[in-house]
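Step one of this worksheet: look at the structure below.
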Amino acid sequence: MTTTTTTTTSTTTSTADAPATPRVDLTELVEFTAAVFRHHGLPAERALTAAQALVHGDLTGITSHGLTNLTRLYLKLFEDGRCDPAAEPEVLADRGAAVLLDAHRALGLWSASEAVDLAAERALQYGVGLVSVRDATHLGCAGAHAKRAADRGMICLLVSNCGQQRIIRPPGGQAALLGTNPLAFAAPAGARPPLVLDMSTTVVPTGRVRGAARAGQPIPEGWLEDKDGQPVTDPHALDRGDGYLKWLGGDPATGAFKGYGLGLLVEVLGALLPGAGLGPATEAWSGSGSPSGQDDNIGFTVLVVAPAELRPREDFEAQTAGMFDALVGSPAVDEDRPVRYPGWFEAERATEHGKSGVPLSAALFEELVAVAAERGLTAPKALEGSPAQDT
Ligand SMILES: NC(=O)c1ccc[n+]([C@@H]2O[C@H](COP(=O)([O-])OP(=O)(O)OC[C@H]3O[C@@H](n4cnc5c(N)ncnc54)[C@H](O)[C@@H]3O)[C@@H](O)[C@H]2O)c1
């Protein structure tokens, strides 16, 4: 992976450079996380894969979907029986290039990586591999999984719905009918870090709003709106049910139908195709059932294309190099902010954090220490010189 010293300008929720931040050795953090998953019944190999996918968030600066979700989301899923750590996914249909699986509530952090690896294997055979999964659970950062195929020279699209969780309204609608429906697209970029577009189809994911709520900070106008479409800056409004996330693009005049359309793309490809739980349901607005369902029976679909199975590898690689040379070499408006692409800054942070330790907020570090103590596991240690050493 190419490393550079370019200034980080990403808008992700990085706490990487915040002062008073404990840092933990990457290997130790992954091993600790895997130990927690093993403690809750995941077989060792799955626990390691899941741990790598979860730590990816903190490693790359996507902190809204990193270890902060360990206690808030994944441990709760185990405790409530909404995730089966030892579930064996079942093959419902296998057509060679296309496979349909029932995950039987296996941990999405693991099953999504498995699905990408399976789709990649099929792509090596057929040029393209599609794996579509029903009854899945939360997969964390979609890009952590999609990147696995790009690291092997392939192109990957991964889309996941949020089961029956309904928090966003169609433009012009009164009833929330969809989730934040993440989409990731990853492709090799030659000697440079892979292109990894990894995003919610809403303007921000819920994790960003809840992070602001925990920090006691208002959110910018443009993230939430009230039932009449007026801006809401109180992050607690989301969980109170009187603040609705906005689509990528904002309002209809600024492109909301593009975000909404992408959200529907994710719903159709990710959940309708495999037969998973759907957000849009009449019960959400007819008064006949619970309007805001849970994110159970999530659906996701992975599509992997192997370019080298379709055209000479050297041609594809030469053209890739030329394309990314043209992008990153192009003149910038501000020379201190060179032109980059999605995945660049995440890779840069991963390289830096792999060397100097993964930064965690003091509160998250304490939370992990408590998780270890409650389970009789060895707690992660803060690296020498980083703040938790002194406390
Ligand atoms: N599992 C779920 O249900 C779920 C739901 C929603 C979101 N998520 C995850 O939440 C995470 C965060 O999503 P988000 O929408 O807040 O992402 P984001 O807005 O922080 O970033 C979106 C994309 O823009 C790129 N980007 C941002 N700033 C850039 C810059 N300056 N230069 C180049 N590229 C730049 C990033 O690389 C990323 O690919 C993702 O990992 C996503 O998969 C998961």
Side-chain angles (χ1 to χ4, degrees), residues 6-14 53-66 68-69 72-74 77 107-109 111-113 133 136-147 150 156-165 167-168 178-187 189 192-212 219-220 222-223 245-249 259 262-263 266-267 270-271 276-277 279 294-300 324 327-328 332-334 336-350:
T6 311
T7 312
T8 296
T9 56
S10 171
T11 55
T12 50
T13 49
S14 176
L54 185 57
V55 171
H56 172 93
D58 302 284
L59 181 68
T60 58
I62 310 173
T63 51
S64 62
H65 285 71
T68 190
N69 278 343
R72 282 173 193 83
L73 177 58
Y74 300 108
L77 287 180
L107 182 62
L109 285 170
S111 66
S113 280
V133 183
T137 64
H138 197 276
L139 52 73
C141 294
H145 310 287
K147 181 176 174 293
C156 180
L157 174 70
L158 190 163
V159 293
S160 170
N161 90 331
C162 299
Q164 289 110 327
Q165 188 181 60
I167 41 186
I168 304 116
L178 288 150
T180 52
N181 286 12
L183 176 158
F185 178 77
R192 298 191 172 86
L195 165 67
V196 184
L197 173 65
D198 183 15
M199 50 177 254
S200 62
T201 46
T202 46
V203 68
V204 285
T206 52
R208 297 273 291 272
V209 181
R210 292 189 177 125
I219 51 170
W223 286 14
L245 272 175
K246 296 184 71 138
W247 291 105
L248 189 62
L262 285 175
V266 172
E267 197 74 17
Q294 279 190 318
D295 52 348
D296 291 323
N297 194 4
I298 288 172
F300 67 84
F324 286 94
L327 284 170
V328 304
V333 174
D334 173 351
D336 292 331
R337 290 172 174 255
V339 176
R340 296 295 181 245
Y341 54 84
W344 179 283
F345 296 112
E346 288 80 0
E348 206 172 71
R349 289 189 207 106

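Ligands are counted one by one from 1 in listed order, and the atoms in each one are counted from 1 as well. Count residues from 1 along the sequence.
- When non-hydrogen atoms are compared, ligand 1 lies under 4.0 Å from the side chain of I62 (C-beta onward) but not from its backbone.
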Item to complete: I would like to know whether L139 and S111 meet side chain to side chain contact (heavy atoms under 4.5 Å, CB included); could you show each step before the answer?
Response: CA-CA 8 Å; L139 52 73; S111 66; over 6 Å; no

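- Where the criterion is an N or O separation shorter than 3.5 Å, residue side chain and backbone included, N181 fails it with respect to ligand 1.
- Here's the thing with S200: one of its N/O atoms is less than 3.5 angstrom from an N/O atom of ligand 1.
- Considering both main-chain and side-chain atoms, T202 never comes within under 3.5 Å of ligand 1 through any nitrogen or oxygen pair.
- Considering CG of L107 and CG of L54, their distance stands at 9.0 Å, rounded to 0.5 Å.
- At under 3.5 Å, not a single nitrogen or oxygen of L197, backbone or side chain, sits near a nitrogen or oxygen of ligand 1.
- Close contacts between ligand 1 and R208 involve ligand atoms 16 (O), 20 (O) [criterion: under 4.0 Å to a heavy atom].
- Only the side chain of H65 comes within 4.0 Å of ligand 1, judged by heavy-atom distances.
- Between N161 and ligand 1, not a single N/O pair is under 3.5 Å apart.
- Under 4.0 angstrom from ligand 1, the non-hydrogen atoms of Y341 all belong to its backbone.
- Close contacts between ligand 1 and E346 involve ligand atoms 36 (C), 37 (O) [criterion: under 4.0 Å to a heavy atom].
- Of all heavy-atom pairs between H56 and T60, the closest is O-OG1, 2.6 Å.
- What you find for E267 and G163 is that their closest heavy atoms are OE2-O, 4.4 Å.
- Within the listing of ligand 1, atoms 37 (O) sit less than 4.0 angstrom from a heavy atom of G343.
- Residue contacts with ligand 1 for V196 involve N, CA, C or O but no side-chain atom from C-beta outward (heavy atoms, distance under 4.0 Å).
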Discussion item. Checking R192 against Y341 for the side chain to side chain contact (heavy atoms under 4.5 Å, CB included) test, could you report, in this order, the C-alpha distance in whole Å, the side-chain angles of both residues, the deciding distance, and whether it holds?
Written reply: CA-CA 11 Å; R192 298 191 172 86; Y341 54 84; 3.2 Å; yes

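- Heavy-atom minimum distance, H65 versus P205: CE1-CB, 3.7 Å.
- Atom numbering of ligand 1 starts at 1 in the shown order; those under 4.0 Å from a heavy atom of A142 are 43 (O).
- Judged by distance alone, with hydrogens and angles left aside, the side-chain atoms of T201 form a donor-acceptor pair with the main-chain N or O of T180 at under 3.5 Å.
- Atoms NZ and CG, from K147 and D198 in turn, are 11.5 Å apart once rounded to the nearest 0.5 Å.
- Numbered from 1 in the order shown, with element, the atoms of ligand 1 that lie under 4.0 Å from a heavy atom of C141 read 41 (O), 43 (O).
- When the heavy atoms of N69, T180, D295 are ranked by distance to atom 6 (C) of ligand 1, first place goes to T180.
- Considering backbone and side-chain atoms alike, G140 places an N or O below 3.5 Å from some N or O of ligand 1.
- With rounding to the nearest 0.5 Å, the separation of CG in D58 from CZ in R349 is 11.5 Å.
- Taking the six-membered ring for Trp and thresholds of 30 and 60 degrees, H138 and Y74 have ring planes more than 60 degrees apart, a perpendicular arrangement.
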